[in-house]
Structures are given as structure tokens and as C-alpha cells.
Protein chains: 2
Amino acid sequence: MRPTVHDIAAEAGVSLATVDRVLNRRPGVKDATRLRVEAAIAAIGFVRDMAAANLAKSRVYPFTFILPAGDNSFMRGLERHVREAMARPAADRVAISLVIVPPFDGAAVARALDAAKVQDPAGIAVVAVDAPEVMDAALRVQASGIPLVTLVSDLGASCRDHFAGIDNHAAGRTAGSLMRRFVGRVPSATETIAVLAGSMLVRDHRDRLEGFRSALSETCTLLPVLEGQDDPAATERLIADLLARHPDVAGIYSLGAGNRGLIAALQRHSGPRPRAVIAHELTPHTRAALEADLIDAVLNQDAGHEVRSAIRVLKAKADGIPAVEAQERIRIDIFLKDNLPFPDEADGKVLRPSGSGSGEN
Amino acid sequence: MRPTVHDIAAEAGVSLATVDRVLNRRPGVKDATRLRVEAAIAAIGFVRDMAAANLAKSRVYPFTFILPAGDNSFMRGLERHVREAMARPAADRVAISLVIVPPFDGAAVARALDAAKVQDPAGIAVVAVDAPEVMDAALRVQASGIPLVTLVSDLGASCRDHFAGIDNHAAGRTAGSLMRRFVGRVPSATETIAVLAGSMLVRDHRDRLEGFRSALSETCTLLPVLEGQDDPAATERLIADLLARHPDVAGIYSLGAGNRGLIAALQRHSGPRPRAVIAHELTPHTRAALEADLIDAVLNQDAGHEVRSAIRVLKAKADGIPAVEAQERIRIDIFLKDNLPFPDEADGKVLRPSGSGSGEN
DNA sequence: GAAATCTTGATGTACGTAAATCAGAAATTC
DNA sequence: GAATTTCTGATTTACGTACATCAAGATTTC
């Protein structure tokens, strides 16, 4: 049996009330007594039963999540995971309110942050846009003492408490490494590689490009970066044009989100395909393209993990416990057609019974 | 405020006792009344507060984990994660007893299963050895109604309730895919690939080899499989010999555990290295080898995830809730030197504060 | 040495659920 | 219609912690 507060009281030779005062840092305990109680706690190895404590406190953590709108598959998946966390029988006593703002709109994000602030939640998670007005709003949130976590897309480290997302520079490097190996090594030949981004105004995209460049050997020539604004139609035109004008392109790295256009262009293209196509984020589209050999590898960040990590960190910050950064690091997944995970049941028809875990895996 | 049992009682016009009888499937409720209560539950959207319920029940789940001894890094990591789960402030009310048995010893595993059975735990997890006496013991465990989960290494599906591990055939395919691409494509040349295994008597190893074979194009020649028995010294000799006798070997796939020997041999070797070396399981050794460019890729199964998944499944089975298989599928991670996760803090000196999550990610 | 303050104990209620007991009411059997 | 069985309500205790209140003891202050 785990020791309880009663055991502490017996061990320290004090009353329950005093133990309680020590445990909850309430005033009115002599230093000597406090030390005795703390020694007893250490001696019997007491750990507070958080479930019982939260029950007694009937505490809830009201959190606000701010996500971009739009038909970006990844972001919709992210939203799905947030909704799942909202629906989950508040076993973790988390009450999330979800705010959707227009995509790529710094002003809108800033407004959403200010609006969330006045609700005085226990924490805010936001998919940031790298704009000065957002930073200002983030600083205002922090100034009011509300923990702030950036999700997927970061801000400067000084504007938030934590970033729940991948190291995009490392992701770019990984893509570069894979690319270098996938295009093969034809001795003394320079390979032509194309990069497709959404917008160079987004920090993630810049970081990925930088990492990608740093990992590619000098025997590769990078074509000027194509910016498709994460728009399928525009992206498709760009890629079709690329394939027509550069039949020798050995690899394409799509570091943004407009993968539907990329896939469509590759599908329509009649000539020889690039030897390696690497994209980001496992969505139904990229998954299908992997299976159809239109894409060779997909780098992925697990949206579910990111959401759950953000919640854990916000809770820890709200409780004043320092989050263990190393523990919350989000992995860069590499998927080939051979190691695709089971299709996410939420994309299909299967409903998960409530109550069972959150697919931590 | 979330609805409580009192709200159900009010809504259904019955007493608390009756609500309790319905909720906990106790007898003594007329069908008509039961339906009324269930309708009320659905109407107000009641979900049981599991924290409070477990508190009231003061229920614990005694589980037994059976792991192999030996200095296999992966297994020791697995043990570490089990111990972590044991140490975790029984927030999840799980009481694990850990049994270590000699490695590759079917009889020992069978004895451990029988010994665990008489303790009548709420569930057993075992790193299985593919031997008939183990299957028999597993069937005896199941016959006595104790949920049984195989961990990392499977048995026949009929002998256990769940397998918490990766699809080793898919892992082999993934390795094959990577190998094919990493060795590059020299037109009209047959590449020589070597496979290093621990023992072909282990099911995982057989499955991986089969998957690997199926993914390699026909332009590759597989040398006869080397069996190092997961022993560093023996493995080192085998690989040194291989490199001496086959200077043209383009790739090595190490699908077992004796990676220290492989790495040592590669390090000592003076001639040109194989173009691609792929190994399994991210351990301090393989990690260092990745960083030193001695190994090109490591396929990994996350031991922490496997342990936590096993616990979740055992708990679900113990409660009679069907586990959601899709949700518990373990991923095949691919690591290059570029996307290595942060070194596991438990390998170093940093202690994790109790109470925070389990790195669910 | 009386008054003020600080420290501690004793006790009770609460959180949401589980589980047991006992007493009636209702339905069934003969 | 009496005896039995089945169903339901009312009430209580418990889980481990939080929190508030009141009283009494110990200590300090002037």
C-alpha cells in the first residue's frame, strides 16, 4: 500500500492538519516542525495521489488552443487531435476551448491571443505566425502570467514558454541526407535538386531549407526555391513547369504543405520522374502517393503527440512544475511505403471507445 | 460542470443505488428501469470519472513482466522502462513485478510463466521465445483466465491476447527498401548484400529476413546469412572475415542484436567500407556509430512505447474492455544521424521528476 | 503577568464514485 | 391472500486529499 498523509502524520508525530499545511505550503508551521514533516515524507517515500488531490480540489485546467483555418490536411489533423483531447472524458481535468483563425494572418493570431488572454485561461497553445504583432501579443500573454506554448510553428524563444514541434533544421538535414542517398551517386556528375516551399515567410520553411542545404553535398545544384503558397493549384502549375523545363531534375523536396498539387503534377507527368521525391507530413494524400510510388519518403511530425505534449507542458507550467524539455521533444518520423503506420482510425469510420488511452504508442 | 451520478439519478427518477447498480452491472434492476437509466446517461452525456472511481475502488492491477537477462542493450532499455513504470507514482494503479529469466531459454520462460500464474496477477507480459514449451505455458496461462501479452517477440496468435511489438516483416521490408536506395543503382551490376542475424531460431529474425528479401530488387545478391548469436565477439569475427573475403560487399543489414561486434569490426576495417550499413535498435552503441558514420540507418522500436502499450492493453483486458488494436500498433522508427532524438535522459544523469507524464509524445 | 501572537490539534465537509446494508414496495408464485 | 421472490430507495462508509474553522497550547511582547 502506498503511504498516505496519515502515515506522514504518524511518522512525524504531528496532526493531519499540520501535514496538510506543509504539503500545501500554507503558513503557520514552525520551521523545525516543517523539517520534521518533510523528513517523514522523504523517509516513507510519500507521493501525493494526484488523482485524489485533483478530485478534492475539483480543479480544472481551462486551456485555449489557437489553430489556423484552411484546408491544409495537416492542420485539420491537428484540429482533430485537439477535438479528441476535448472530447476525452476529462480524465485529465482539461477543458479546452478551440479558436480557429484565418491562415497566414499574423494580425488575426494576435487578436486571438488578446481575446484568449481576457478569458484568463490556465494556458494557451498557438500555431504561431512569424510576425511582429504576434510576438507582441505573445509577450502580453506572458506578461499576464499565462503559460504560452507554440505548436508546430515557433516564435522567438523569448516570446513563449515552450515549443511543441519538431526541430525543423534537423528535419531539413534529414531530408537532405535522404535526398543525397536516394538520388544515388553518379560519379563526377552534378545532380539537380528542386525545392518546393509554401512561403519563405514562414519560419519552419526557412529552417527546413537551411537544414536541407547544409546536408546536401556540394555535388548537388539546388534550383531556385519554388513558392506555391501551400496552394494545390498553384503548386501543380509550378511543378508541371519544372518537370517540363528541367527533365534532368533528380530530386524534389517539398518542405511545405501544398502536396496535393505536387502529387497531381507528378501523376500527370508523362516523362521520366525524378529519382527521389521527399515531402512533409503524412496525410491521406501523401500516404496514397507513397503507396503509389509517386513519393519516396515522407517526413512527419506526429500531430497527436504534439497536442498531447502541449497539454502536458501547459499543465506542468500551470502547476508550477518545470516541464522536462527532453521528455517532450517531438520526433521526426521518416515514412517509406514499407513502414507506414496503420491508417489513423479517425480518418476512417472506426470509432474509438472513450476511456482507453490516447495512442501514446 | 460535468454531470455526476446524482444527475443521472435525478434525470432517470431513480435512486443513486440503482444508478450504481446499472453502472457497475450489478444484478437486481428491472430491464425497464435499466433502460431508463441508460437513456438518462446518454441524454446528459455522463462519463464516469475514472479517477474518482479508481479512488473509491482503491483497485490495483498486479501485473507480471517477464524479461530476458543478458547484456543486450535493447533488453536492458526495455527493463529500464518497466522499472520506470513500476516507480511511477502509481497514478495508474499498476503494480508490476518484474521477473528476469536467462536469455534464449524456452524452458526458463515457460517456468516463469507457470510461476507467475500461481500468483494470479491481473495480467502477464512476456518477451517470448518461440518454443513449444513456451506456447504450452502460455496456453495454460490463458486457460486460467489471465490476460497475456507478448512483448517485442511474439508467439503464435492463438497463444496470447495481444502482441506489443513491431511488424517485423514490415521492418525487414523497410530495411530492404532503404538498402536498395542507399547502395545506389549502378546499371547492370549486381550488388552483393550481407545479412547478419542473431539466430534464425528466433521468430523476429526470420520475419525480418523474409521482409528484407522481399523488398530487395533482383539485382541484389544476398550472401548466406551470418549468425552471430547476438554475441559481440563472435559477430566481430564474422564481419571482419566478411569484409576481408568480400571487398565488394555493398551493404550490410544487421537484423539482430550483436551490434557492438559489427561496429567494432567496421571500425577496425581499413579498406573501403560497404556503402550502406543498416542495423536495428537505437542503443548508445548504434547511436554512436550513426554519429560516426559507421552505420547509415537504424530501425528502431520504441521500448518505452511498447511497455506502456502493454500495460494499457493488459489493463483494458483486465477490465474486460476490448483494446483498440489499431491504436496500440507500434511504429517502426527510422533514424539517420540527422534525426536522432535527444539522448534518453535515463541513460545519463538527469532524473525525471515524478508525476509528469511518461513521454507519451 | 496580562495581552498579543504564533503554532498546532481536532474535527468536519467536500470531491465523485463504489459498495454494502437494511427496509420497504412491487411483482410473482402457489 | 399469504408467502416468496424480485426490485428499488435510503443511508452509510470509504478512497486520499484539500480546505476551513475553532480551540487550546506555546511563545513572544510590552
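Below, chains carry the letters A, B, ... as their sequence lines are ordered, and counting in each starts from 1.
Distance check: B:Glu328 CD to B:Glu306 CD gives 11.5 Å after rounding to the nearest 0.5 Å. Of the inter-residue distances, the one linking B:Asn24 atom CG with B:Arg48 atom CZ reads 5.0 Å to the nearest 0.5 angstrom. How far NE2 of A:His305 is from CD1 of A:Ile166: 13.5 Å, rounded to the nearest 0.5 Å. Interatomic distance, CG of A:Leu113 versus CD1 of A:Ile146, reported as 10.0 Å (0.5 Å rounding).
The distance from atom CZ of A:Arg34 to atom C1' of C:dC6 is 13 Å, rounded to the nearest whole Å. Between A:Arg93 atom CZ and D:dT17 atom P the separation is 15 Å, expressed in whole Å. Atom-to-atom, NZ of A:Lys30 to P of D:dG25 comes out at 15 Å; the value is rounded to the nearest Å. The distance between atom NE2 of B:His6 and atom C1' of C:dA14, rounded to the nearest whole Å, is 12 Å. Summarising the geometry, the separation between CG on B:Asp20 and C1' on D:dT12 is reported as 13 Å, rounded to the nearest angstrom. Between the CG atom of B:Leu55 and the P atom of C:dA18 there is a distance of 11 Å, rounded to whole Å. Residue B:Leu16 contributes atom CG, which lies 17 Å from atom C1' of D:dC7 at whole-angstrom precision. For the pair B:Asn54 CG and C:dA18 P, the interatomic distance rounds to 9 Å; values are reported in whole Å.
B:Ala9 pairs by the side-chain contact (heavy atoms from CB on, under 4.5 Å) definition with B:Val19, not counting sequence neighbours. A:Glu79 is linked by a side chain to side chain donor-acceptor pair (under 3.5 Å) to A:Arg76, A:Arg83, counting only residues two or more places apart in sequence or in another chain.
Against DNA chain C, the stretch residues 21-29 of chain B makes heavy-atom approaches under 4.0 Å through B:Arg21, B:Asn24, B:Arg26.
When each of C:dA10, D:dT17, C:dA18 is scored by its nearest atom to the side-chain atoms of A:Val5, the top-ranked nucleotide is D:dT17. Among the nucleotides C:dG16, C:dA10, D:dT17, the one closest to any side-chain atom of A:Arg48 is D:dT17.
Contact annotation for B:Ala53: backbone-only contact, meaning every heavy-atom pair under 4.0 Å involves sugar-phosphate atoms and none involves a base.
Position along DNA chain C of the nearest nucleotide to B:Ala52 versus A:Thr18 favours A:Thr18 as the more 5'-ward residue. A residue-by-residue look at B:Ala32 and B:Lys57 shows that B:Ala32 has its nearest nucleotide of DNA chain D further toward the 5' end.
In terms of phosphate contacts, B:Thr4 brings no side-chain nitrogen or oxygen within less than 4.0 Å of OP1 or OP2 of C:dG16. Look at B:Ser58 and you won't find any side-chain N or O under 4.0 angstrom from OP1 or OP2 of D:dC15.
Although no hydrogens or angles enter the test, the distance criterion places a donor-acceptor pair under 3.5 Å between the side chain of A:Asp7 and the main chain of A:Thr4.
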